[in-house]
Amino acid sequence: MITTFVVCLLTITYDKRAQVLDREHQEQTAEAIDREYKGQMTEVGQNDSMENAEQEIEVRDNMLEDTQNDQMLNPVENPEEDVAERNKEKYGDIVQVIYEQNQEDISTFFEYYPDLWQRWIAFSTFDFTRDGQMEIICSYAYVETSTSIYYNFVYDMQGNKLFEFVSEGLIDLNIYKADDDLHYYIYNYLFIAASHTVKIYQEVKKTESWDVEIKYVEWDTRDGKLINENSQDGYYIYSDFSQEEKDLFMKKNYDEGMNKLFWNKEPCGTAEQVRQYSEIYKSLPAADPVEEFAYILYLEDGVIWEAR
């Protein structure tokens, strides 16, 4: 009986031990399978990533090649160069005519102002006739102390000179147009230097022909103290310009032209007259801006087809 009990006990113990070992084996096997699965999935992921990367590189290379081929077949033009070429095609002939007509005068102007930074010839457009066809403005421009003075000569597209006027730089030129006819008010402020300014009021009008009238000029040589005190000493207003005085006004040198004129001409206007006159053009619409498109620095280099 004792022997039978011992045999049963050993059998039960062996069965439990077998069950434990079997459970451990199952767990180890499951872990191994899991590791193998994860490893396979990682390898698959890596292979997929490498394959995707290779595909992306191939796509990028193809796109780059297509872009390069497209650029070779359809080169992109520089917008500035494109505008310059269009201007040259549109205005080239008339600019050449103006250049040939005034070559001697331009040469004299450049000789008088030899420094490159100080002078140039500018070409601009503005539709004075309001017919949709631009007129050409040929400007003799030079720097006078603290400002640029432009002596402007206006031509039609056949090379005929229509009229002339003086101004500051054309980009900020103040032109006001009357609605009833070909009539313009042009206002300019020349800041020659501290305690030295010139305000110019001009009218351009066409009846039978074009006419330019210098309505008023304010010549102010007062310092800040005199201006604050409203002193009239050094402040002068001119009007009623003769043709000889207009010619002197347009002389392409401030000291020999305008300045000389102001010193010798008798003042004949009042601040109230100027104020009332300015109210006229201030109520009018501003005209479209002048568009500069070419310039000359050296005669031998010819026209540079771009805005300066």
Side-chain angles (χ1 to χ4, degrees), residues 124 126-128 130 135 137 139-142 144-154 162-193 195-207 209-222 227 230 232 234-255 257-290:
S124 309
F126 186 87
D127 186 8
F128 285 101
R130 305 190 198 178
E135 280 67 57
I137 307 173
S139 304
Y140 292 70
Y142 88 100
E144 176 62 50
T145 313
S146 298
T147 193
S148 296
I149 303 179
Y150 280 56
Y151 297 90
N152 307 299
F153 300 85
V154 180
L162 305 179
F163 59 90
E164 57 193 48
F165 66 100
V166 67
S167 72
E168 60 192 324
L170 291 177
I171 294 178
D172 299 320
L173 182 61
N174 297 291
I175 301 180
Y176 302 87
K177 57 183 180 180
D179 294 329
D180 53 347
D181 51 17
L182 300 181
H183 188 180
Y184 299 91
Y185 296 81
I186 301 177
Y187 167 74
N188 291 281
Y189 180 95
L190 303 179
F191 181 81
I192 305 298
S195 305
H196 193 159
T197 60
V198 182
K199 296 179 182 179
I200 307 170
Y201 304 82
Q202 300 167 97
E203 281 188 47
V204 177
K205 188 174 184 179
K206 183 183 179 185
T207 50
S209 61
W210 289 95
D211 179 63
V212 178
E213 184 177 1
I214 306 171
K215 296 294 293 186
Y216 296 100
V217 173
E218 292 181 85
W219 189 48
D220 195 346
T221 61
R222 296 173 297 176
I227 292 175
N230 199 28
Q232 298 305 297
Y235 173 69
Y236 310 98
I237 297 176
Y238 305 95
S239 62
D240 301 324
F241 291 83
S242 66
Q243 185 57 52
E244 183 180 355
E245 290 172 334
K246 289 181 180 179
D247 293 339
L248 192 59
F249 193 81
M250 284 295 298
K251 188 175 179 63
K252 303 180 190 71
N253 178 276
Y254 178 75
D255 285 337
M258 287 189 223
N259 201 35
K260 182 178 180 180
L261 172 63
F262 300 149
W263 278 112
N264 292 281
K265 182 176 174 61
E266 189 70 25
C268 52
T270 67
E272 180 60 23
Q273 287 177 317
V274 174
R275 188 196 66 77
Q276 291 180 1
Y277 177 79
S278 64
E279 292 299 321
I280 299 174
Y281 68 80
K282 286 180 180 178
S283 65
L284 298 174
D288 294 334
V290 172

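Computed over heavy atoms, backbone and side chain alike; hydrogens, waters and symmetry mates excluded.
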Would a 4.5 Å heavy-atom cut-off, applied to side chains only, mark [X] and [Y] as touching?
| X | Y | answer |
| --- | --- | --- |
| Tyr187 | Tyr281 | yes |
| Phe126 | Leu170 | no |
| Glu135 | Asp127 | yes |
| Asn188 | Asn174 | no |
| Trp219 | Trp263 | yes |

Listed by chain and number, what are the side-chain hydrogen bond (donor to acceptor under 3.5 Å, both in side chains) partners of [X], not counting sequence neighbours?
| X | value |
| --- | --- |
| Glu218 | Tyr201, Tyr235 |
| Ser167 | Asn152 |
| Tyr238 | none |
| Asp247 | Gln243 |

Mind listing the closest non-hydrogen atom pair of [X] and [Y] along with its distance?
| X | Y | answer |
| --- | --- | --- |
| Tyr189 | Thr197 | OH-CG2, 3.3 Å |
| Ala193 | Thr145 | CB-CG2, 3.9 Å |
| Ser239 | Cys268 | O-SG, 3.1 Å |
| Leu190 | Ser148 | CD2-O, 4.4 Å |
| Lys246 | Val212 | NZ-O, 3.0 Å |
| Asn253 | Tyr151 | N-OH, 3.6 Å |

If I take atom CD1 from residue Ile149 and atom OH from residue Tyr254, how far apart are they, to the nearest 0.5 angstrom?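 Interatomic distance, Ile149 CD1 to Tyr254 OH, rounded to 0.5 Å: 7.0 Å.
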
Only counting residues at least two apart or in another chain, list the ones meeting side-chain contact (heavy atoms from CB on, under 4.5 Å) with [X].
| X | answer |
| --- | --- |
| Glu272 | Thr270, Arg275, Gln276 |
| Glu203 | His183, Tyr185, Lys215, Tyr277 |
| Asp288 | none |
| Asn264 | Lys260 |

Please confirm whether the backbone N or O of Asp181 pairs with a side-chain atom of Arg130, one donor and one acceptor, at under 3.5 Å?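 Between the backbone of Asp181 and the side chain of Arg130 there is a qualifying donor-acceptor contact (under 3.5 Å).
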
For Phe163, enumerate each residue passing the ring-ring contact (aromatic ring centres under 6.0 Å, His included) test, keeping only those at least two apart in sequence or located in another chain.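 Phe163 satisfies ring-ring contact (aromatic ring centres under 6.0 Å, His included) with Phe128, Trp210 only.
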
Apply ring-ring contact (aromatic ring centres under 6.0 Å, His included) to Tyr140 and list each qualifying residue two or more places apart in sequence or on a separate chain.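 Testing Tyr140 for ring-ring contact (aromatic ring centres under 6.0 Å, His included), a comparison that skips the adjacent residues, returns Phe109, Phe153.
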
Using the salt bridge (charged side-chain N to carboxylate O under 4.0 Å, His left out) criterion, which residues pair with Glu164? Sequence neighbours excluded.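 If we apply the salt bridge (charged side-chain N to carboxylate O under 4.0 Å, His left out) test to Glu164, skipping adjacent residues, the hits are Lys161.
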
Does a sphere of radius 6.0 Å around NZ in Lys251 hold more than 12 heavy atoms from other residues, nucleotides or ligands, not counting ones at 6.0 Å or beyond?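 At most 12 heavy atoms, drawn from other residues, nucleotides or ligands, come within 6.0 Å of this atom.
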
Pair listing, salt bridge (Lys or Arg N to Asp or Glu O under 4.0 Å) test, anchored in residues 236-245, at least two apart: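 Residue pairs passing salt bridge (Lys or Arg N to Asp or Glu O under 4.0 Å), neighbours aside: Glu245-Lys265.
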
side-chain contact (heavy atoms from CB on, under 4.5 Å) between Val198 and Asn259: does it pass, once the steps are laid out? CA-CA 10 Å; Val198 182; Asn259 201 35; over 6 Å; no

